[in-house]
Amino acid sequence: MIVVLVIIVDQALKIWIKTNFPIGHVKDLFGLHWAQLYFIENEGMAWGWKWGGDWGKMLLTLFRLAAVIFGTWYLVRIVKHNYSKGFIICASLIYAGALGNLIDSMFYGMIFEDSTYTHVAKIFPPHGYAGFLHGKVVDMLYFPMVHSTFPEWMPFIGGKDFEFFSPIFNIADASISIGVITLLLFQKRLVRKHHPEELQAITTNSELSDKAQVM
């Protein structure tokens, strides 16, 4: 359910952005200057890094595909082995985010026109802007909450502009980040299995609680 929900929200927002705005369009959210929709496209890895041109793009997409295939197997495995609900939720968030960005990389080049600073793309044109595995990931969430400059006394970066939070991301990226950060913070509590006796105790306690409520 979590995976389906993340994918639907992620793809719906990306399609809406792609088909309604040109590249670089900025729109305040709820009238707030520190919460914006800022449409960009990411051709490579995180932070917009590129590697190896078209071949690098294809290899990156294939790597994402392999990661999602592994994630599918792993998610099924942890459910079957009765891992904690919190761990399964975190794994589902990471998996859903990876799958959401994989969809962009695999198919967006074929189903969309190219977005430019003056042209809003249409969906399902006669010819897309790229082939299979060469799509660009759509990013749009931007929260520039703090604008400042580093103190002059700081070496190398003194006097330079500083902005928090500068990355532009999407729902899939947020899903991955929430899953990973939660696992790092609560690893000991979440990464564990429910043993049969624990499951029996949980079921018994639940039944006793239900009976008490009825009485």
Side-chain angles (χ1 to χ4, degrees), residues 2-19 21-25 36-78 90-117 119-143 163 165-184:
I2 292 175
V3 174
V4 174
L5 180 62
V6 171
I7 293 297
I8 289 174
V9 174
D10 177 65
Q11 290 299 312
L13 181 56
K14 286 173 176 175
I15 292 171
W16 180 72
I17 289 288
K18 181 80 174 166
T19 56
F21 303 112
I23 288 284
H25 181 87
Q36 300 175 343
L37 292 176
Y38 189 151
F39 176 30
I40 65 169
E41 288 184 312
N42 181 357
E43 298 185 20
M45 297 177 283
W47 314 103
W49 291 355
K50 300 179 184 179
W51 174 69
D54 288 342
W55 279 101
K57 172 64 178 174
M58 185 175 68
L59 290 173
L60 175 61
T61 303
L62 290 173
F63 174 79
R64 285 173 172 160
L65 177 59
V68 167
I69 292 172
F70 171 79
T72 304
W73 169 82
Y74 187 72
L75 200 56
V76 171
R77 181 177 180 273
I78 63 175
C90 289
S92 297
L93 288 171
I94 297 169
Y95 174 81
L99 181 57
N101 285 334
L102 176 65
I103 292 171
D104 298 25
S105 297
M106 291 182 69
F107 303 114
Y108 273 27
M110 299 188 297
I111 67 172
F112 284 109
E113 293 177 335
D114 197 14
S115 295
T116 69
Y117 290 100
H119 176 71
V120 177
K122 292 182 175 61
I123 193 170
F124 301 126
H127 302 285
Y129 68 81
F132 183 56
L133 303 178
H134 287 83
K136 304 172 188 175
V137 176
V138 175
D139 293 325
M140 79 295 292
L141 300 176
Y142 181 43
F143 297 94
E163 180 180 273
F165 182 72
S166 60
I168 303 173
F169 58 100
N170 56 44
I171 298 294
D173 297 331
S175 181
I176 294 172
S177 297
I178 292 170
V180 170
I181 292 171
T182 304
L183 281 177
L184 291 175

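- With sequence neighbours excluded, the residues satisfying ring pair (Phe, Tyr, Trp, His ring centres under 6.0 Å) with Phe112 are Tyr108.
- Side-chain atoms of His25 never come within 3.5 Å of backbone atoms of Ile23 as a donor-acceptor pair (strictly under, hydrogens ignored).
- Distance CG/Leu5 to CD1/Ile8: 6.5 Å, rounded to 0.5 Å.
- Looking only at side-chain heavy atoms (C-beta outward), Ile168 and Met140 stay at 4.5 Å or farther from each other.
- For the atom pair Ile123 CD1 and Ile111 CD1, the distance stands at 4.5 Å (nearest 0.5 Å).
- Evaluation of the ring pair (Phe, Tyr, Trp, His ring centres under 6.0 Å) rule for Tyr129 yields no partner, not counting sequence neighbours.
- Pro125 is linked by a side-chain contact (heavy atoms from CB on, under 4.5 Å) to Glu113, counting only residues two or more places apart in sequence or in another chain.
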Would Phe21 and Trp16 satisfy side-chain contact (heavy atoms from CB on, under 4.5 Å), going step by step from the backbone distance to the final call? CA-CA 8 Å; Phe21 303 112; Trp16 180 72; 3.6 Å; yes
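- Two residues are said to be in side-chain contact when any heavy atoms from C-beta on lie closer than 4.5 Å; Leu75 and Ser92 meet this criterion.
- Nearest heavy atom pair, residue Ala121 against residue Ser115, reads CB-OG, 3.5 Å.
- Heavy atoms only, all atoms of each residue included: Ile78 and Ala91 are closest at CD1-CB, 3.7 Å.
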Check the pair Leu65 / Thr61 against side-chain contact (heavy atoms from CB on, under 4.5 Å), numbers first and verdict last. CA-CA 6 Å; Leu65 177 59; Thr61 303; 5.7 Å; no
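- Lys14 places a side-chain heavy atom less than 4.5 Å from the side chain of Asn101.
- The main-chain N or O of Asp139 is never found under 3.5 Å from a side-chain atom of Glu41 such that the two would form a donor-acceptor pair.
- Atom OG1 of residue Thr72 and atom CZ of residue Arg77 lie 14.5 Å apart, to the nearest 0.5 angstrom.
- Residues Ser105 and Arg64 have side chains in contact (heavy-atom distance under 4.5 Å, counting atoms from C-beta outward).
- More than 12 non-hydrogen atoms from other residues, nucleotides or ligands lie less than 6.0 angstrom from CZ of Phe143.
- Remark: Ile17 CD1 to Leu141 CG distance equals 8.0 Å, nearest 0.5 Å.
- Side-chain contact between Tyr142 and Leu37: absent, with no pair of heavy atoms (C-beta onward) separated by less than 4.5 Å.
- Asp114 and Lys136 are joined by a salt bridge, as a carboxylate oxygen and a charged side-chain nitrogen come within less than 4.0 angstrom of each other.
- Counting only distance, with no hydrogens or angles, the side chain of Thr19 and the backbone of Lys122 share no donor-acceptor pair below 3.5 Å.
- Remark: the backbone N or O of Val137 is not paired with any side-chain donor or acceptor of Asn42 at under 3.5 angstrom.
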Verdict with reasoning, Phe39 to Val138, per side-chain contact (heavy atoms from CB on, under 4.5 Å): CA-CA 7 Å; Phe39 176 30; Val138 175; 3.8 Å; yes
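- Ile178 places none of its side-chain heavy atoms less than 4.5 Å from the side chain of Ile94.
- In this structure, Phe132 places its CZ atom where more than 12 heavy-atom neighbours from other residues, nucleotides or ligands lie under 6.0 Å away.
- Between Ile176 and Ala98, the shortest heavy-atom contact is CD1-N, 3.6 Å.
- Remark: side-chain polar atoms of Ser177 are paired, donor with acceptor, to backbone N or O of Asp173 under 3.5 angstrom.
- Of the inter-residue distances, the one linking Asp104 atom CG with Ile15 atom CD1 reads 9.0 Å to the nearest 0.5 angstrom.
- Under the 30°/60° scheme for interplanar angles, the aromatic rings of Tyr74 and Phe70 are found to lie parallel.
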Apply side-chain contact (heavy atoms from CB on, under 4.5 Å) to residues Gln11 and Ile103 and explain how you reach the verdict. CA-CA 9 Å; Gln11 290 299 312; Ile103 292 171; 3.7 Å; yes
